[in-house]
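What follows is a single structure, written as C-alpha coordinates, with notes after it.
All of these numbers come straight from a predicted model, not from anything done at the bench. The basis for the numbers below is simple: all heavy atoms, side chains too, and nothing from hydrogens, waters or symmetry mates.
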Amino acid sequence: MTTLENPAMPAVHECTVSGCSYNHDGCHAFAITVRGENGAADCGTFIPLSTKGGLDKVVAKVGACSRTDCVHNASLECTAQSVRIGQGEGDHVANCLTYTRA
(Lines give C-alpha, C1' and ligand atoms only; values in the text may rest on other atoms or scores of the structure.)
Protein backbone atom coordinates (compact mmCIF):
# COMPACT_ATOMS: atom_id res chain seq x y z
CA MET A 1 0.00 0.00 0.00
CA THR A 2 1.40 3.38 -0.90
CA THR A 3 1.30 6.38 1.42
CA LEU A 4 -1.30 8.04 -0.81
CA GLU A 5 -3.64 5.10 -0.19
CA ASN A 6 -2.98 4.73 3.55
CA PRO A 7 -6.30 5.39 5.29
CA ALA A 8 -4.53 5.66 8.67
CA MET A 9 -3.01 8.98 7.63
CA PRO A 10 -5.64 11.70 8.11
CA ALA A 11 -6.15 14.11 5.26
CA VAL A 12 -5.56 17.83 5.54
CA HIS A 13 -9.21 18.68 5.01
CA GLU A 14 -8.73 22.44 4.93
CA CYS A 15 -5.95 25.02 5.03
CA THR A 16 -6.77 28.71 5.21
CA VAL A 17 -3.19 29.98 5.59
CA SER A 18 -2.83 32.19 2.51
CA GLY A 19 0.90 32.86 2.96
CA CYS A 20 2.06 29.24 2.67
CA SER A 21 3.83 28.01 -0.46
CA TYR A 22 1.98 24.70 -0.29
CA ASN A 23 -1.49 26.24 -0.04
CA HIS A 24 -3.02 27.05 -3.40
CA ASP A 25 -6.67 26.02 -3.39
CA GLY A 26 -5.81 23.38 -0.80
CA CYS A 27 -2.63 21.94 0.69
CA HIS A 28 -0.36 20.53 -2.02
CA ALA A 29 2.29 19.12 0.35
CA PHE A 30 2.66 15.34 0.25
CA ALA A 31 2.42 15.22 4.05
CA ILE A 32 2.61 17.77 6.84
CA THR A 33 4.22 17.62 10.27
CA VAL A 34 2.39 19.03 13.29
CA ARG A 35 4.73 20.35 15.95
CA GLY A 36 4.80 23.24 18.37
CA GLU A 37 5.59 24.51 21.81
CA ASN A 38 3.81 26.30 24.64
CA GLY A 39 0.39 24.92 23.81
CA ALA A 40 0.54 25.66 20.08
CA ALA A 41 0.14 22.97 17.43
CA ASP A 42 2.04 24.56 14.54
CA CYS A 43 2.15 23.21 11.01
CA GLY A 44 5.86 22.44 10.70
CA THR A 45 5.56 22.29 6.91
CA PHE A 46 4.57 25.96 6.58
CA ILE A 47 6.90 27.80 4.19
CA PRO A 48 6.27 31.54 3.72
CA LEU A 49 7.38 31.99 0.11
CA SER A 50 5.60 33.46 -2.88
CA THR A 51 6.74 30.50 -5.03
CA LYS A 52 4.10 27.77 -5.06
CA GLY A 53 5.36 24.34 -4.12
CA GLY A 54 4.11 20.81 -3.74
CA LEU A 55 2.36 18.27 -5.89
CA ASP A 56 0.08 18.90 -8.86
CA LYS A 57 -2.99 17.73 -6.96
CA VAL A 58 -4.25 18.06 -3.41
CA VAL A 59 -3.29 14.90 -1.48
CA ALA A 60 -1.85 16.25 1.78
CA LYS A 61 -1.92 13.94 4.78
CA VAL A 62 -0.59 14.25 8.32
CA GLY A 63 2.76 12.47 8.21
CA ALA A 64 3.78 13.07 11.82
CA CYS A 65 2.58 14.78 14.97
CA SER A 66 4.88 15.61 17.86
CA ARG A 67 2.09 17.05 20.03
CA THR A 68 1.91 14.14 22.47
CA ASP A 69 -0.57 16.12 24.59
CA CYS A 70 -3.25 15.99 21.84
CA VAL A 71 -6.21 13.62 22.18
CA HIS A 72 -5.70 12.57 18.55
CA ASN A 73 -2.06 11.53 19.05
CA ALA A 74 -1.26 7.83 19.40
CA SER A 75 2.43 6.93 19.28
CA LEU A 76 3.20 10.19 17.40
CA GLU A 77 0.60 9.38 14.73
CA CYS A 78 -2.54 11.46 14.22
CA THR A 79 -5.75 9.48 14.69
CA ALA A 80 -8.19 12.27 13.72
CA GLN A 81 -10.35 11.55 10.69
CA SER A 82 -9.04 14.74 9.07
CA VAL A 83 -7.40 17.98 10.18
CA ARG A 84 -7.86 21.69 9.50
CA ILE A 85 -4.92 24.09 9.30
CA GLY A 86 -5.43 27.80 9.86
CA GLN A 87 -4.12 31.01 11.38
CA GLY A 88 -2.96 30.65 14.97
CA GLU A 89 -2.65 33.25 17.68
CA GLY A 90 0.24 35.68 17.94
CA ASP A 91 3.24 34.66 15.86
CA HIS A 92 1.80 31.19 15.13
CA VAL A 93 1.05 31.61 11.43
CA ALA A 94 -0.15 28.08 10.68
CA ASN A 95 -1.77 25.90 13.34
CA CYS A 96 -3.50 22.56 13.42
CA LEU A 97 -6.99 23.70 14.39
CA THR A 98 -7.98 20.09 15.12
CA TYR A 99 -5.49 19.95 18.01
CA THR A 100 -7.27 19.26 21.30
CA ARG A 101 -5.29 19.11 24.54
CA ALA A 102 -5.71 15.76 26.29
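In this structure the side chain of Asp25 never reaches within 4.5 angstrom of the side chain of Val58, judged on heavy atoms. By the 4.5 Å heavy-atom criterion applied to side chains, Tyr99 and Asp69 are counted as neighbours. Within the 4.5 Å cutoff, side-chain heavy atoms of Leu76 are placed close to those of Thr68. When side chains are defined from C-beta on, Ile32 counts as touching Val12, because their heavy atoms get closer than 4.5 Å. Side-chain contact between His72 and Thr98 is present, with heavy atoms from C-beta onward closer than 4.5 Å. Annotation: side chain of Lys52 is not in contact with side chain of Ser21 (no heavy-atom distance under 4.5 Å). No side-chain heavy atom of Val83 sits less than 4.5 Å from a side-chain heavy atom of Leu97. In this structure the side chain of Ser66 never reaches within 4.5 angstrom of the side chain of Thr33, judged on heavy atoms.
The closest donor-acceptor contact from the side chain of Asn73 to the backbone of Cys65 lies under 3.5 Å. A donor-acceptor distance shorter than 3.5 angstrom exists from the side chain of Arg67 to the backbone of Ala40, with no hydrogens or angles considered. Within the 3.5 Å criterion, the main-chain N or O of Pro10 finds no donor-acceptor partner in the side chain of Ser82.
At most 12 non-hydrogen atoms from other residues, nucleotides or ligands lie less than 6.0 angstrom from CD of Gln81.
Taken together through direct or relayed side-chain contacts under 4.5 Å among Ile, Leu, Val, Met, Phe, Trp and Tyr, Leu49 and Phe46 form parts of separate hydrophobic clusters. One hydrophobic cluster holds both Val34 and Val17 under the rule that ILVMFWY side chains link at heavy-atom gaps under 4.5 Å.
In this structure, OG1 on Thr79 lies 13.5 Å from CE on Met9, to the nearest 0.5 angstrom.
Heavy-atom minimum distance, His24 versus His28: O-NE2, 2.9 Å.
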